[in-house]
Structures are given as C-alpha cells and as structure tokens.
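First up is the structure itself, then whatever we jot down about it.
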Amino acid sequence: MKSFILFLSLLTLQCLRATSRTCHVDDETGLLEFKRGITHDPSGILASWKPGTDCCTWAGITCLYNDRVTAVWVQGQPDKPDGFLSGTISPSLAKLRDLDGLYLMNLRNITGKFPVWLYGLPSLLFVYLGNNRLSGPLPVDIGKLGTQLDVLSLAGNRFTGSIPASLSQLTGLTQLNLAGNLITGKFPIGIGSLRNLTQLQLHNNQLSQPIPEIFSSIHQLRFLNLSHNKFSGKIPNSISSLSSTLAFLELGHNSLAGQIPSFLGNFQTLDTLDLSHNNFTGPVPKTFSNLTKIFNLDLSHNSLSDPFPVMNVKGIESLDLSNNNFHLGKIPNWVTLSPIIYSLKLAKCGIKINLTNWKPKETYFYDFIDLSENQISGSPIPLLNRTEYLVGFRAAGNRLSFDLGKLKFAGTMKELDLSRNLVFGGVPNSVAGLEKLDLSRNSLCGKLPPTKFPASAFVGNKCLCGSPLPACK
C-alpha cells in the first residue's frame with residue numbers, strides 16, 4: 001500500500017512539473033517583441049500571445065524539443081477583409097535559437113526588407129514569407145542561410161533587383177519560390193547547382209534573356225514554372241533530361257520562339273504543359289501523341305500550324321488551342337470522348353461543325369467553353385442544357401441560330417458571349433444574374449429585362465428596345 005501511495009505521489013509531482021513548465025524565456029521575449037512590431041491586428045491573430053503564459057500554447061507556436069520554440073506559423077486569412085497584420089518582422093525572432101520553421105504567410109501588410117537575421121539560426125529548414133509586402137533587393141549574401149535550408153518561399157512580395165549569385169550556395173534546397181515579385185535580370189546559371197530541387201517557381205517577375213542550359217543537373221525537378229516573364233530564345237535542350245520526373249512545365253506568357261521541341265513528347269509523367277502566349281511556329285510535334293498522362297494543355301496565342309497530332313490521352317481536363325493557325329475542321333475525337341473535362345477553349349481553330357450534332361461523352365463537369373471565331377452553325381442548347389457547373393460560354397463570331405429564350409442557364413453561369421451570330425427570340429430575365437454579357441449583332445427582338453449591362457451588350461440586333469437602348473414604341 002505504501003509503495004502504491006509513493007507511486008501516486010511521484011506521478012502527481014511529475015504531472016505538476018509538466019503542467020507548470022513554460023517556454024524558454026528567450027523565446028517568450030523574442031515572440032513578444034515581434035508582437036510589439038505589429039501595429040495592427042484587426043482580427044486578433046496574435047490575441048493569445050500574452051506575457052506570463054506558456055508561449056508553447058500560443059496560436060501558431062510549436063515546441064517540439066524541451067521548452068524551446070521550433071516553429072512560428074502565423075497565417076492571414078485572404079478571404080476575410082480583416083484577416084491581416086500590419087507592421088514589420090522584428091529581428092527579435094533571432095532569439096528563437098532552435099527555430100527550424102518560420103511561416104509568416106498571407107499577412108498582406110507586413111513591410112520591410114528581407115530579414116537577414118535569419119542567417120544566425122543554425123537549425124532553420126523552412127522559410128515561408130509569401131504574400132506580404134516585403135521589398136527591396138534580395139541580399140547578395142543570401143547564401144548564408146545555409147546548406148541545411150530545405151524550402152525558401154518569398155512569393156507574392158515586392159522584391160526587386162536580380163537573383164543573387166550566392167543563392168547557388170543553398171545546395172540543400174528542394175523548393176525555391178520567388179514568384180510574384182518585381183525581380184529583373186537573367187536566369188542565374190547557379191541554380192543548376194541546386195541538385196535537390198523538386199520545385200522551381202520564378203513566374204510573374206520581369207526576368208529576361210534566354211533560359212540557360214542548366215537543367216541536366218537537376219534530376220529530381222517535378223515543378224518548373226517560369227511563366228509571365230520576358231524570356232526569349234528557344235526552350236533549352238537540357239529540359240529533355242527531366243523527361244522521367246517533370247509533371248508541370250509552365251513557360252507561358254514569355255517571348256520564346258522557334259518550333260516546339262519534339263522531346264517534350266517523351267515526358268512520361270507530364271500532367272500540365274503551358275506554352276501559351278509566346279511566338280512558337282510550325283506544327284505541334286507528332287510525339288505529342290505519347291503524352292498519355294497529360295491533363296492540362298495550353299498552346300494558345302502562338303503561330304502554330306497544321307497538322308495537329310492525334311492525342312492518345314485517357315482524359316483531358318483543360319485544353320486551350322485558341323488563336324493559332326490551326327484548321328481543325330471539327331472538335332477532335334479525343335476531346336469528344338474525354339470522360340472528364342472542365343475547360344475547352346478552341347477559339348479561332350478553323351472548326352466547321354453543326355453544334356446541335358456534337359455529342360461529347362461528358363458535359364457534367366464543364367466550367368468553361370470558348371468556341372469563338374469559328375464557322376459553327378446550329379444551336380448550343382443541347383450542349384449547354386446538359387451542363388451543371390458551367391461558368392462561362394463564349395461563341396462569338398459564328399453562325400449559331402437558335403431561340404435564346406429556350407437556353408437553360410446553369411446556376412453557376414457568370415459569362416455569356418454570343419455576339420455576331422444569328423440568335424433570335426427575346427432576351428430572358430435570367431441574364432440579369434450574369435456578370436458579363438454580350439448579345440450584340442444578332443437577330444434578337446423585344447423589350448429588354450432590367451439589367452446592369454451597357455448598351456454595347458445589345459446593339460446591332462433586329463428590334464430590341466428598352467433601357468439601356470431607346471425606349472420601346
């Protein structure tokens with residue numbers, strides 16, 4: 001009995017010690033000084049950070065080893081107007097000596113320069129500072145973050161200048177994300193030294209000049225996004241060395257030119273390929289028929305020409321071939337037979353069909369269809385009345401002829417463009433719920449329902465009247 005009482009006493013003492021233990025005084029001090037650097041916290045993101053309480057229990061704080069803070073995770077709420085913080089990142093966080101992860105994301109109004117005091121944290125593995133208002137050039141000695149660093153994400157800020165050469169010293173990186181800044185200059189050759197990279201995201205910057213031949217040394221790369229820059233020249237041949245690993249290749253919205261290289265058809269795991277809004281010419285390589293696993297293909301806004309290869313895909317989720325020099329004649333069978341498709345954009349593709357007779361295998365999941373500037377006749381009613389989640393339908397500049405009043409509008413519909421067709425009947429009340437509408441230059445007639453749309457959405461019809469057009473007689 002005495003031994004049992006002794007056991008209970010020891011257990012109680014151990015529990016009291018566990019519950020009374022608080023985080024290290026340096027960590028508490030550093031975090032509270034960080035909070036003092038925040039000038040506005042309208043939604044109370046840091047409300048639980050109070051002196052005299054265990055900082056290991058504060059929102060966003062993790063303590064994994066003894067009493068030391070190992071991670072700071074403070075995240076804003078983009079969907080809430082007050083879900084942000086204003087202020088700066090206090091260098092007091094350097095007191096958190098065991099910190100391995102700093103996650104200050106989507107706070108929107110955090111200003112200042114890159115926090116160079118991070119160099120003094122020897123255990124730092126993860127730095128996520130995305131979607132704030134940090135600015136100025138990236139420090140030339142950013143390589144001092146150390147070879148142990150696993151992730152560096154600075155996306156969605158206002159950093160300027162070029163990418164420092166010392167970045168090549170961060171040889172432990174698996175993810176590098178500098179997207180959505182104001183970074184200029186050329187693609188640094190030193191990135192080829194980051195042999196462990198699986199994700200490289202430099203999109204939405206102002207990088208220019210040709211993309212260098214550095215990819216043969218980055219064998220594990222799965223995500224490569226260089227879109228929305230000013231890159232010129234051809235697609236580097238060294239990208240061919242990624243054929244067994246690369247799943248996402250996004251090079252859209254640049255000034256790349258030449259023919260699309262045939263080696264892209266050898267990419268065994270490619271899910272997404274975006275080459276849109278460049279200056280590519282010539283036919284699409286026949287090897288594209290080997291891309292059996294691709295789900296998202298965007299070749300729009302180039303100068304590509306016939307013939308287009310027959311794709312052997314099991315299903316295509318998103319396809320955009322718009323605004324090239326294609327003369328497809330009809331919507332390809334591999335599109336018609338796709339068991340799941342969300343977005344189909346074939347504007348100005350030389351399509352000559354009767355839309356009434358087009359019978360795609362699946363329409364339920366369509367959210368956007370663009371068949372503008374073709375020679376399509378018939379009616380879209382059989383197609384659109386089978387959709388449940390359609391957000392937008394564009395078919396301007398065709399020969400569609402049908403009664404608009406019989407068109408069923410999906411509850412999700414936000415955009416409709418039927419301008420420059422042969423559409424007749426009256427304008428239904430249901431168009432008032434749309435966000436974008438263009439019914440100009442058709443054969444519509446009757447009084448318009450009350451809408452928010454300007455006269456330009458209705459001009460050029462047979463006998464429409466009522467606001468915003470002249471009053472009915």
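When a residue number appears, it is its place in the shown sequence, counting from 1.
More than 12 non-hydrogen atoms from other residues, nucleotides or ligands lie less than 6.0 angstrom from CZ of F248. Atom CZ of R108 sits in a crowded spot, with more than 12 heavy atoms from other residues, nucleotides or ligands closer than 6.0 Å. Atom CD1 of I189 is surrounded by 12 or fewer heavy atoms from other residues, nucleotides or ligands within 6.0 Å. Around the NZ atom of K95, the shell of radius 6.0 Å holds more than 12 heavy atoms that belong to other residues, nucleotides or ligands.
H253 and H277 have parallel rings, their planes meeting at less than 30° on a 0 to 90° scale where 60° marks the start of perpendicular. In this pair, F308 and F326 present their aromatic rings perpendicular. The plane angle is above 60°, beyond the 30 to 60° band.
No option in F365, Y342, Y366, Y364 other than Y364 meets the ring pair (Phe, Tyr, Trp, His ring centres under 6.0 Å) test with Y389. Considering T111, N157, N109 in turn, N109 is the only one that fulfils the side chain to side chain donor-acceptor pair (under 3.5 Å) rule with R133.
With hydrogens and angles disregarded, no donor-acceptor distance shorter than 3.5 Å links the side chain of S86 to the backbone of H40. Using modelled atom types, no side-chain atom of D271 and backbone atom of F295 make a donor-acceptor pair closer than 3.5 Å. The backbone N or O of S276 lies less than 3.5 Å from no partner atom in the side chain of S300, so there is not a single donor-acceptor pair.
With rounding to the nearest 0.5 angstrom, the CG atom of L197 is 14.0 Å from the CZ atom of R222. A distance of 12.0 Å separates NZ of K345 from CG of L321, quoted to the nearest 0.5 Å. Note that the CG atom of N421 and the OG atom of S379 stand 11.0 Å from one another [nearest 0.5 Å]. Distance CD/Q201 to CG/L176: 9.0 Å, rounded to 0.5 Å.
Under the 2.5 Å SG-SG cutoff, C63 and C56 qualify as a close cysteine pair.
Using modelled atom types and a 3.5 Å distance limit, the side chains of N312 and T292 yield no donor-acceptor pair.
Salt bridge status for R68 with D27: present, with a side-chain N to carboxylate O gap under 4.0 Å. One finds a salt bridge joining D370 and R394 here, because a Lys/Arg side-chain nitrogen approaches an Asp/Glu carboxylate oxygen to under 4.0 Å.
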Between I110 and L85, does a side-chain contact (heavy atoms from CB on, under 4.5 Å) hold up when you go through it step by step? CA-CA 6 Å; I110 296 295; L85 294 179; 4.0 Å; yes

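Side-chain contact check for W334 versus L319: some heavy-atom pair is nearer than 4.5 Å.
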